[in-house]
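Start at 1 and go down the list; that is how both ligands and their atoms are numbered.
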Amino acid sequence: MANPMADEMRRFKGSDEKNPFEAMSERFDRAAQLLGLDPDLYAVMRVPSREIKVYIPVKMDTGHIQVFEGFRVQHNFARGPAKGGIRYAPDVTLDEVKALSAWMTWKCAVVNVPFGGGKGGIICNPAQMSEGELERLTRRYTAELIDFIGPDKDVPAPDMNTNEQTMAWIMDTYSMHARHTVTAVVTGKPVALGGSLGRREATGRGVMFTVNEAIKRFNLKPQDTSVVVQGSGNVGGIGAELMYDQGYKIVAISDIFGGIHNSNGLNIPEVMRYLRDNKTLEGYPEAEPVGNKELLELECDVLAPCATENQITSENADRIKCKILAEGANGPTTPKADKILHDKGIFVIPDILANAGGVTVSYFEWVQDRMGYFWPESQVNQRLEEKMVASFNELAHYADKHQVDTRTAAYMLAIDRVAYDTRMRGIYA
Ligand code: NAD
């Protein structure tokens, strides 16, 4: 199937291997082809429904006005409101946001939550902005998008450099316009303002639930399973802590500056305490230092890249030695690397399933807000487990049935669901 977006993709950040839009589209095309997707539906689904660009004037602390550029892309509404984070970064681009919004559509469809995909971004450098400037930026961005977001339209969430405070500002600004409190307009809010218990841990916990299922295919028990984790933030750090509690042997973990390795297993609660106290893993006793590049190539049963994109490429894929690759991060593996991993027999838990615990509990948060009735954390975690286990098994079954790798299966399953709903709804004219 021809790919008319190729030129646009190539311009993205100047590199084939570093282009998430290209990675997404390449996989979409392959899955669409295998599904024999109707060309009319293909044409509808490969483009976003709406791309919004806003210019945001903000009064800076100096008294001068600076105008920022912001985006919100709503990729697909076939199955429900758009859903996805907002990132603040100096180098965020519309193409990047477009790719991320499409990923959200497929992710929500893989775990079968009734959302479409969306993503937002503002070109800014939050590290150089005061709290007041960030608040004014966030509120004006929300006001510019006021007609396009809402519990039934598009539900933003935190992403890179945005957090629960950002969500509280968006919720408040939206509520001031609506003249009443609308908690369900965003997820990832503070628990006291309608956030869900268990949301903070949900992505790492979801990674663990999918790993629990994957190791059964290798007749492994957690205590026999060695795990290497790249990244020690919300996904990697929490995922490692939860897996450690289940008895997994975490042999290496890293942050952006490098990692630590101990083949007998690390005491993860102590490692995380050390990281909190020292802001680095460097110098942690009872472990050897290891670079992020070498860490990926360590002997282990499970490798969980939970840091950033494009970590496993055609350059290093051949040296990856795990049995299971659990993609906590978004897009950690390039399409070229996929084939190499497949030929090596590595079982991949693709990102759009492995890290979908976050959006699943975001869905639970939205449900709780709309009911005005909040669940205990045990219930959130139990429902998350049910969702992740069912989605994993559906995906594994689909891959076996169609004789495709798990990533292709995830895209096929997602595209099939969105295509079915699009076909049933028909095209309004
Ligand atoms: P985070 O900022 O909390 O942690 C990121 C970790 O990765 C940190 O330890 C950081 O030091 C490390 N890191 C950053 N850049 C790196 C690099 N170039 N090399 C090695 N390590 C690096 O972020 P997070 O929320 O844990 O997100 C991690 C990944 O998971 C991202 O790809 C994100 O899009 C994805 N994700 C996050 C969530 C969520 O709920 N937080 C949900 C779905 C997907």
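- For the pair Ser232 and ligand 1, the shortest N or O to N or O distance falls below 3.5 Å.
- Residues Lys336 and Thr313 have side chains not in contact (no heavy-atom distance under 4.5 Å, counting atoms from C-beta outward).
- Of all the atoms in ligand 1, the ones that sit under 4.0 Å from a non-hydrogen atom of Ala329 are 29 (C), 30 (O), 32 (O), 35 (C).
- Between Phe115 and Tyr363, the angle of the ring planes goes over 60°, which puts this pair in the perpendicular group of the 30/60° scheme.
- Summarising the contacts of atom 25 (O) of ligand 1 with Leu295, Asn234, Asp159, the nearest heavy atom is found in Asn234.
- For the residue pair Thr187 / Ser362, a side-chain donor-acceptor distance below 3.5 Å is found, with atom types taken as modelled.
- Scanning the protein heavy atoms around atom 29 (C) of ligand 1, the nearest turns out to be Ala307 O, 3.4 Å.
- Asp29 and Tyr411 form no side-chain donor-acceptor contact under 3.5 Å, judged by distance and modelled atom types alone.
- Annotation for ligand 1: atoms under 4.0 Å from non-hydrogen atoms of Gly328 are 30 (O), 35 (C), 44 (C).
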### Task
Could you walk me through whether Asn292 and Ser254 pass side chain to side chain donor-acceptor pair (under 3.5 Å), step by step?
CA-CA 7 Å; Asn292 261 306; Ser254 68; 2.7 Å; yes

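- The closest approach between any non-hydrogen atom of Arg199 and ligand 1 is below 4.0 Å.
- Neither the backbone nor the side chain of Ala202 comes within contact range of ligand 1; no heavy atom lies under 4.0 Å.
- Thr166 and Asn163 share a donor-acceptor pair across their side chains, judged by distance under 3.5 Å alone.
- Among all protein heavy atoms, the one lying closest to atom 34 (O) of ligand 1 is Asn330 ND2, 3.0 Å.
- Using a 4.0 Å cut-off to heavy atoms of Asp255, the atoms of ligand 1 that qualify are 9 (O), 11 (O), 21 (N).
- When hydrogens are left out, the protein atom nearest atom 11 (O) of ligand 1 is Ile256 N, 2.8 Å; that is the closest non-hydrogen contact.
- The nearest heavy-atom contact from the protein to atom 39 (C) of ligand 1 is Thr203 OG1, 3.4 Å.
- Looking from atom 4 (O) of ligand 1 to the surrounding protein, the closest heavy atom is Gly233 CA, 3.3 Å.
- If you check which protein heavy atom lies closest to atom 27 (O) of ligand 1, you get Val235 CG2, 3.9 Å.
- The protein atom (non-hydrogen) at minimum distance from atom 20 (C) of ligand 1 is Asn292 ND2, 3.3 Å.
- In the displayed structure, Glu288 atom CD is contacted under 6.0 Å by at most 12 heavy atoms of other residues, nucleotides or ligands.
- Less than 4.0 angstrom separates atom 18 (N) of ligand 1 from at least one non-hydrogen atom of the protein.
- How far CD1 of Ile52 is from CD of Gln74: 4.0 Å, rounded to the nearest 0.5 Å.
- Heavy-atom neighbours of Phe218 CZ from other residues, nucleotides or ligands within 6.0 Å: above the threshold of 12.
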